[in-house]
Amino acid sequence: MIHVLIFLPLVFGLAALVLPRQARTLGLVGAGAALVLGLVSFGAYLEGSSGAYQVPLLAEAGVYYAVAWDGVGAVLMLAVVVTTFLALLAAHDVPPAMVGLALLMESGLLGILAARDLVLFYVFFEATLIPSLLMLGLFGGVGRVRALVKFAIFTLVGSLLMLAGILAVRYLGGAPSFLLDDLVAHPLAGAAGMWAFAAFLIAFMVKTPLFPLHVWLPDFHAENHPSGLADAMGTLYKVGLFGLFRWALPLFPEAFLAFQPWLLALAALTALGAAWTAYAQTDWKRLLAYGALSHMGVGALGLFSGTPEGALGAIFLLAASAVYTGALFLFAGSLHRRFGTLDLRPTSGLAKSAPALAALGLILVLAMVGLPGLSGFPGEFMNLLGAWQASPVWTFVGFLAVIAAAAYALGAYQQIFHNAPDKPADDLDAFEWQWGALATLAIVFMGVYPKLFTTALQPAAEALAALLGGGR
Amino acid sequence: MTTLWILFLTALAATFVGFFAPARTAKVFTLLGLVAALVSLALGWGEPLSAYGGLYVLDPFAQGFTLVMIVGGLLALLADCDYFQRKGWPPFEYYALVAFAVLGGHVMASTAHLGVIVVGLELLSIPLYALAASRRDEASYEASLKYFLLGAVAAAVFLYGIALYFGATGGFVLGAAGSGPIYAAAVMLLLAGLAFKTALVPFHWWTPDVYQGSPAPVTLFMATAVKAAAFAAFARVLAAVGLEGPVFYALAALVLLTVFWGNLTAMVQGEAKRMLAYSSVAHAGYIAIALFGPDPAPAMGYYLLAYALSTGLAFAVLTQLDDGRGVRLGELAGLWGRSPLLGLGWTVALFSLAGLPPLVGFWGKYLVFLEAARGGQYLLVALALFAAVIAAYYYLKLLGAALFAKAEKAEKIVLSGSTPVGIALATLLVVLLGVLPGLGFGLFTAANAIVR
Amino acid sequence: MSYYLLLSALLFAIGLYGVLARRTAILIFMSIELMLNAANLAFVAFARTSGNLDGQVMALVVIALAAAEVAVGLGIIVAVFRARSSTSVDDLAELRG
Amino acid sequence: MIYLIAAIKGLVLILLLLFAFAYLTWGMRRGLARFQVRLGPNRVGPLGLLQPIADAVKAIFKEDISVAKADRFVYWLAPIISFTFALAAFAVIPLGPEGSLFGLDPWVADLDVGILYIFAVAELAVYGIFLSGWASGSKYSLMGGMRSAAGLVGYELALGVALLGPVLVVGSLSLRDIVDWQGQYGWLIVWQFPAFVVYFIAALAEMGRTPFDFVEAEQELVGGFSTEYNSMKFVAFYMAELLHWITASALIPTLFLGGWHAPFGLPEVPILWLFVKWLVFIFIVMWIWASWFRTRYDVMIRFAWGVLFPVALAWFLATAYWVASKGGAV
Amino acid sequence: MQATTEYINILIYLGIAAGIGVVMLAMGAMLGPKKPSPTKLMPYESGNDPAGEVHRLPVHFYVVAMLFIIFDVEVAFLWPYAVNAGKLGIAGFWAVTTFTLIVLAGFVYEWKKGVMKWD
């Protein structure tokens, strides 16, 4: 089943590319099937079936096709299938090829999450880049080439460094293969470990992203197709925290501890700085981009704390923010459909003419702000809780960022919905009702019943924390 | 043996078929011959074979490289269709010359005797001099002349190296022990001569002009088969003399210069064939990196196959666009719309060349880096990886020019004859071997050692 | 013996210099032939000192290769000359990036 | 000392050859005249015997004109090359057995690769023609030179391949070995008749006699490559031409007719028998010259490449098979 | 070093021959009268002023030259074989036959391409 889940979207994606006329149907069916399979897989995981499977891919070089769901992967997998489905549901007016590419991306993302072999992980990691680049390049706005080059160069520098690290970690560490368990059993210590960790770190910092390697992010979002589909998928692709959690930290515990103070500072500053910048934005997508960046900073703060709570919170936040940030980008798409612009300023006064739209927007924004009861809260809370044990000072900075989120998000919200009415707008259409309801359901469910997910995450988070020395 | 004879008879027959039948027949004949050679190669795969008193050694190493050369030849034949029809020149000699060149490359790869290597080298090069000129305009002649002069210099340097090698070791067979200044000079000259052929910086400077000026299908062949043959000899010589002392540092310097210079200069080119020429220079550097490993043959072979498929595919696409004056980046615009197959092939080829998984180019890069890492050359690997980022930039530029820019011309490109087959086949292989890397690499692991 | 070698090295060096310094295709080509003949001389000289006749055989092979190169090379040069009435390599500037 | 002897032998041989040349011009003119039922030169000296000397004096004192557009160095070099290499081949022809010349060997040099040497100098002779045509700066010369060179090379090749037959049979490249072999087993013309025919025809072309005297082709090319040559420069070419005749007439007997060995079991007299055979061939060539027509240029090139050369090659392979299956020379 | 002696002999012989040639030409050049005039120094063209440039590359001759070079070299390979044909036996014969046929293939090719067609 795990293979079906990973490759089903790929098949549908290719089909959608070949048959542009049926693209939308194929997209919905593919993403829907993936959603169902994902839910079933998650259920199965909770029942104790990880679907582990392993077969040599390149036996001579110790590369395996090895996949399995663990708690982290399963939770994030849910976020991926849910958000992809949402996105495809919402983006009903995109070029057909985009649907295909989105499905290809979904496939790659699921592969990233499931991979238990470092090279396989890398393959999925990079393979996902291709549709992402194509989506931006083919369907982006006027500045797309610039954005594309920025995005590609940052990503590729990071990933090629990681490739060097991958080679080093096995051959200097002496592991017999690239399987996660083998690699963890043969850690790479000393200076070589530091360097290799730095390589991994840079790659994942690009993808988290963390200051100062985030500069591709605003352009990436601002130039992508206005429907929000590409942005939602792009949000899912921000798997840096996951990569750190799954690979970088377990492989180099020693190096991580040496870097930890700096990393905490970096994470906190990213959170605050991004929040600050977000406040000054007048463009929906840029604002969301910086807002999401700020959240990733908070997540990173938790993860770098090295405590079980922090690690758990980071992944939870990653999953939750994937859903609500993705939804917010889709929401931005809805606004663009109505006003033909993503500028915040001319789109005032929606609350009067389109109350349901405004309500949807409010829920999403509140989730982002971290209102208790919605999906944003548990993650942020646990992150700060975990981080406090590692560094109260930086936790305070991170806390400020969380507060600031309320300021910029609500400020933007007010700008759009509650200023003097400017021009009338249609309320939610059928598409928006569907995805809006679904998104709200997911957000509320994660907010009120986080235990389902934390239970799944708990063992992995504790194992990591134990490996890192319990945060001390 | 069988492979050698099949290739030889194919070339010979292709020379004469054209007198009695239209050029198309010569093409079919050559294609069949190459396929037959491929089959005979497959039948004896992995089993070393030696003939003519050890002058001809078809060991797994040679088999791997021959495979790459035949693939290059097949691509060059399959993709040529429209090109020569547009030029109004259906030359049956084209097919015969390609067949002879493949034969030469095969000979070059399948021997450890320097004299035979040099004969193979000439048998490979001389048809190419003629092929490069085959468009019969000034650019083509210029490319041919430059290729010829440089090739002849390389051959002369190589030959002088052989002479000194003979003097130092008393024989022509690689692997004899030698020492002293004459031996050292011999080794340096041998490697320099082959560095010309493999186009390692600073011996590369003929490449861009020649690649740009030659007819596109010929460029395709040069970039694939010729490179493979040259590297076969390069690897054998290097394996025989050992990678120690000055040779080591010289090669390291060459590799670094090659990957950086090749990639950096590629960035500023405005013509697609020229860009890919520099890219091929850079790729030569990556291939050479494998030589630092303890067992370079499989990784090299696999990289060459990956590279031949990818770059061959890219040139095959360019072949359909080239009108003889090269392909400016602007002319690529709207490729996907004009011909989806070309667009797909182009995209896949460039992503593969850039080394993105899950395409075959990634595994090639991965394996050569792995090989060098196993040899302990981490710094080299790191630097080469860094150069790969630069490469990604211009591959994106090429891709962007084709996919993301507004089309100047809207008319559809109609592919005829064997072209769609060739492009589709290459695209399929690039993806398939990328998804199942073991499939391709398994072929080369049999070639686990260069027979000395 | 060493005189032969010295002479051959000298020839080779002159040829190489010619290749680098000359600007006419024909002269470059002649320089290349000089290099080949230097190699031949070395082959024969070594064959004589070591008593291994393979060197002589190789010289013969080299002659054949040189002839093949001459045939094709002159053809190309003639073609270039007819196309543009000059064999100076510097005039060949059709191909630029 | 040995070199001094060689030098003296060489000088004497050259002087003899030049003398032979001088009287060949006389003999040729007289002879041809007889064929054509007229008298030929008969005014200077008895029977016109002093005619060559008069010609020489006249040639020397003619005005020496060099064409303005000529490439001076090559223009002068060409006749010297022609002349030198026309003389060259004779040096290796053994006139008799070892020590038969007053205790000395009757040859200037005994090369173990004599045949190769002959082949080489025969080819070098083409250079003189080619260079003169190229250097003269005249269209006729150029055309003539090119034609001659292009035509001659085909015959050179046939000549070379024809020589392979005797070499195969004898198993040596030395002219002395070939002559000795013939002394032992009989003349090679018996064993190698096709090779002899090819060689003879090719030699005719090489010496520029009918039916292959296209080198000059007076009617078409006003003298061909030598159009722009006069006085002694022209004489040098003329000498070269006749010296080829002289040399070939000695070479053919050496290679195919037993060399200095006596024919038909007659008593062996060194040098004499070769001289007789030589005279015979001089005459045969003259005879052909007098009685044959000139072939068209393209026909004769096609003849060299399309008939002579393949025949020679086929004969070579046949001989090779014979020798190989016997496992060695006779 | 008997062989070397013989080669030196040949060189001496050729030297004498060339020397005589040079002397002859020099005599002609020095002893003849010298009255040059532009007309005399003109290349021959049936008494007319020469028309056009002389130097050009006659491709047809070049192709014949190419043929010659190829076969000349082939013959160069046949010499050593011819001397040792007996020792090499039937195997050697077949090798040399193959070789000859390959080179002949090139010959046939050129012939078919019309090298021998003169206009």
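The structure presented is a predicted model; accordingly, all values stated were derived computationally and were not measured. Quick note on labels: first sequence line is chain A, next is B, and so on, each numbered from 1.
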Exercise: identify the closest heavy-atom pair between [X] and [Y]:
| X | Y | result |
| --- | --- | --- |
| B:Val119 | C:Leu65 | CA-CD2, 4.4 Å |
| B:Gly115 | C:Met58 | CA-CE, 3.4 Å |
| C:Ala79 | B:Tyr141 | CB-CE2, 3.5 Å |
| C:Ile76 | B:Ser144 | CD1-OG, 3.1 Å |
| C:Asn52 | B:Gly170 | ND2-O, 2.9 Å |
| B:Ile126 | C:Ala68 | CD1-CB, 3.5 Å |

[X] portion near chain C, given a 4.5 angstrom heavy-atom threshold:
| X | answer |
| --- | --- |
| B:Leu123 | neither |
| B:Leu121 | neither |
| B:Tyr129 | both |

- Message: At a heavy-atom distance under 4.5 Å, which candidate from B:Glu122, B:Met275, B:Lys273 has the highest pair count against chain C?
- Response: B:Glu122

- Item | Close aromatic pair by centroid cut-off 6.0 Å: C:Phe43 and B:Tyr160 | no

Taking atom [atom1] of [X] and atom [atom2] of [Y], what is their separation to the nearest 0.5 Å?
| X | Y | atom1 | atom2 | answer |
| --- | --- | --- | --- | --- |
| C:Glu69 | B:Leu149 | CD | CG | 10.0 Å |
| B:Leu145 | C:Phe81 | CG | CZ | 13.0 Å |
| B:Ile162 | C:Phe46 | CD1 | CZ | 13.0 Å |

Heavy-atom distance under 4.5 Å to chain B: side chain of [X], backbone, both or neither?
| X | value |
| --- | --- |
| C:Ser8 | both |
| C:Ala9 | both |
| C:Ala59 | neither |

- Message: I'd like to know which of C:Ala66, C:Ala64, C:Ala47, C:Ala42 tops the heavy-atom pair count under 4.5 Å against chain B.
- Response: C:Ala47

- Task: Would you indicate whether B:Trp206, at its atom CH2, is surrounded by more than 12 heavy atoms from other residues, nucleotides or ligands within a distance under 6.0 Å?
- Result: yes

- CE/C:Met30: more than 12 non-hydrogen atoms of other groups inside 6.0 Å: no

- Task: Report yes if some heavy atom in the side chain of B:Glu142 is under 4.5 Å from a heavy atom in the side chain of C:Val80; otherwise report no.
- Result: no

